[in-house]
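Counting convention: from 1, in listed order, for ligands and their atoms alike. Keep in mind that this is a model prediction, so the values were computed, not measured.
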Amino acid sequence: MLMPVKHWRRHRCDHGAMRFPFARPSPGGPDARLVCAPDPDGPCSQQAVARLVYASRARIEGSVYAGMEAIRASAVRHNPPAGVFTALLHQSGWFLQWKEGPPAAVEKIMDRVLRDPRHQDLQIVHHSNGPRLLPGMWTMAIVQCQDSPAEFARRVRALARARAAGGANQPAAVWRMLSTPQRHPRAALQDDPDAFQRVLLCSASGDGAFALVARLARIHGAEVVQRRFAGPSDLDVGTDYTDIEDGDRVLRLIAMARKGLGLGLTRAFLADYSHLVLLFGDDPARNERLFARVLQACQGLPAVPVLLGAGAGNAADARHFAMAHGRGMVYLPCSTGAENAAGTGEGIARVDPGARWLAVWPALAGMLRVARGANRLPPDHVLPD
Ligand SMILES: Cc1cc2nc3c(=O)[nH]c(=O)nc-3n(C[C@H](O)[C@H](O)[C@H](O)COP(=O)(O)O)c2cc1C
């Protein structure tokens with residue numbers, strides 16, 4: 001049963017209160033381990049906050065990006081002083097918004113948002129009290145995919161039904177189910193279709209991670225979903241993902257732009273990725289910058305991905321290993337065999353992202369297999385010339 005807006009503010013929560021529906025404690029789940037990381041954007045504490053996720057049909061005319069920028073202009077004026085952090089997504093004609101902050105402040109902002117003619121049919125898909133999960137004050141995203149408004153609406157209804165039946169997903173899981181649903185036919189055969197593995201790929205220079213995701217998608221005949229993210233100012237970064245079959249499971253490979261690692265929403269999901277593949281290039285300074293960004297993004301998270309570094313060279317690998325180890329993280333060097341050949345680094349330039357992937361894949365596949373308790377051998381993700 002959906003919760004129409006007119007009933008929302010008087011929704012009787014589990015504690016019987018007739019006020020804003022934030023009193024229900026959120027049970028722990030796989031995403032409960034996501035907590036706030038220190039962020040230069042603003043204050044962040046472990047104090048319980050109200051966490052609200054809603055979906056609404058967008059009614060903006062003209063450019064979606066311009067419409068989102070206009071909303072951002074209001075939000076960055078009003079939200080941070082009130083301690084409210086926000087993520088806003090536009091996808092398939094829908095808005096999805098995740099807000100966290102002191103209950104009264106969230107309620108006050110929502111009073112205005114509810115009356116805004118730029119959207120309609122607002123449905124609450126999550127509300128709880130708990131630790132802050134969004135580390136940044138503002139992130140917005142636009143997703144381009146084959147998802148239709150009707151499909152998005154179906155997912156909203158399914159989530160609202162599950163919530164009415166007592167199901168309680170964490171905000172990050174709700175966000176993921178609505179915005180990046182797993183549509184691979186293989187996922188439907190899994191006990192839990194949402195229990196697919198997620199691996200993040202980032203290249204130190206150029207668009208190697210994106211090219212690699214596109215190439216693997218082509219090989220597997222899979223769709224590439226493109227998303228654009230922006231922070232509180234002009235920052236505009238892209239991220240693409242594809243879902244490919246890996247034996248009896250589905251594996252999601254996500255290419256992330258380097259500066260995307262600094263976005264609040266990215267950092268809120270970092271604990272969601274089991275592994276982060278670093279595709280290093282021929283410029284040692286850029287390689288070090290990428291590695292530093294990764295360490296910074298992971299700082300303060302209780303669960304972090306395992307790092308796999310491809311193509312850094314022995315000396316850099318040893319340094320990365322020590323730096324990661326010092327922070328309680330795992331760094332696994334994956335040599336392509338070429339990066340040390342030239343000694344000075346010229347050898348690295350000749351190694352394309354495909355070769356780096358082939359260097360990473362055996363170790364990655366082995367770890368993914370262990371993580372899901374499988375004992376079969378991984379299929380070869382062979383890249384054609
Ligand atoms: C989907 C959506 C999300 C919005 N989110 C926020 C928000 O987080 N904070 C905010 O102040 N305004 C938000 N707004 C805009 C408000 O509805 C309202 O227009 C604005 O707060 C008015 O303030 P202003 O006159 O100072 O711009 C949102 C609007 C829409 C359509």
Side-chain angles (χ1 to χ4, degrees), residues 2-6 8-9 20-22 36 39 41-44 49-129 132-144 147 149 152-153 155-156 159-160 171-172 174-175 178-180 227-236 263-265 267-268:
L2 300 182
M3 187 191 301
V5 172
K6 62 180 163 50
W8 170 48
R9 294 207 55 224
F20 212 66
F22 287 137
C36 184
D39 190 272
D41 286 343
C44 199
V49 289
R51 308 180 303 187
L52 172 75
V53 184
Y54 72 80
S56 58
R57 284 183 200 274
R59 291 185 57 198
I60 36 180
E61 283 160 19
S63 146
V64 170
Y65 195 76
M68 300 272 284
E69 277 187 320
I71 294 172
R72 172 170 70 179
S74 299
V76 296
R77 254 197 326 274
H78 299 296
N79 298 9
V84 174
F85 289 8
T86 311
L88 177 66
L89 167 87
H90 182 278
Q91 176 173 335
S92 311
W94 282 77
F95 282 126
L96 181 61
Q97 192 169 50
W98 175 356
K99 279 192 183 319
E100 293 183 349
V106 173
E107 178 174 1
K108 194 168 165 208
I109 290 170
M110 283 305 293
D111 269 347
R112 285 202 307 275
V113 171
L114 276 166
R115 290 195 301 269
D116 198 308
R118 288 171 287 183
H119 62 166
Q120 62 186 29
D121 299 341
L122 191 148
Q123 309 285 343
I124 306 294
V125 286
H126 175 91
H127 67 83
S128 62
N129 281 337
R132 230 186 239 285
L133 306 173
L134 286 172
M137 70 169 181
W138 176 266
T139 310
M140 64 183 191
I142 297 178
V143 178
Q144 292 165 351
D147 199 30
F152 198 99
R155 293 199 296 280
V156 172
L159 264 175
V174 168
W175 183 274
L178 284 177
S179 65
T180 56
R227 296 174 290 168
R228 281 171 67 198
F229 288 82
S233 53
D234 289 340
L235 189 68
D236 184 8
L263 286 176
L265 200 55
R267 292 166 65 189

Legend entry - Where ligand 1 meets F95 - atom numbers and elements under 4.0 angstrom, heavy-atom basis: 1 (C)
Inset, instruction - Could you tell me the residue and atom name of the protein heavy atom closest to atom 16 (C) of ligand 1, and the distance to it rounded to 0.1 Å? - result: D116 OD2, 3.4 Å
Legend entry - atom 4 (C) of ligand 1: the protein heavy-atom neighbour that sits closest, reported with distance to 0.1 Å: I71 CG2, 3.4 Å
Legend entry - Nearest non-hydrogen partners of W138 and R72, listed with the distance: NE1-CD, 3.2 Å
Inset, instruction - Could you check which of R118, H90, R77, R112 puts a non-hydrogen atom nearest to atom 19 (O) of ligand 1? - result: R118
Legend entry - Distance from atom 12 (N) of ligand 1 to nearest protein heavy atom, with residue and atom: S74 CB, 3.9 Å
Inset, instruction - Return yes when Y54 approaches ligand 1 closer than 4.0 angstrom through a heavy atom, no otherwise. - result: yes
Legend entry - Spacing of L178 atom CG and Q123 atom CD [to the nearest 0.5 Å]: 11.0 Å
Legend entry - Part of N79 within contact of ligand 1 (heavy atoms, under 4.0 Å): side chain
Inset, instruction - Mark the output for R115 as yes if a heavy-atom distance to ligand 1 is under 4.0 Å, and as no if none is. - result: no
Inset, instruction - Just need the protein heavy atom nearest to atom 8 (O) of ligand 1, so name the residue and atom and give the distance. - result: K99 NZ, 2.3 Å
Inset, instruction - Starting from atom 5 (N) of ligand 1, find the nearest protein heavy-atom neighbour and note its residue, name and distance. - result: Q97 NE2, 3.1 Å
Inset, instruction - Just let me know how V113 lines up against ligand 1, side chain, backbone, both or neither, with a heavy-atom cut-off below 4.0 Å. - result: both
Legend entry - H78 and ligand 1 - part of the residue with a heavy-atom distance under 4.0 Å: side chain
Inset, instruction - May I ask you to test the F95-I60 pair for a side-chain heavy-atom distance under 4.5 Å? - result: yes
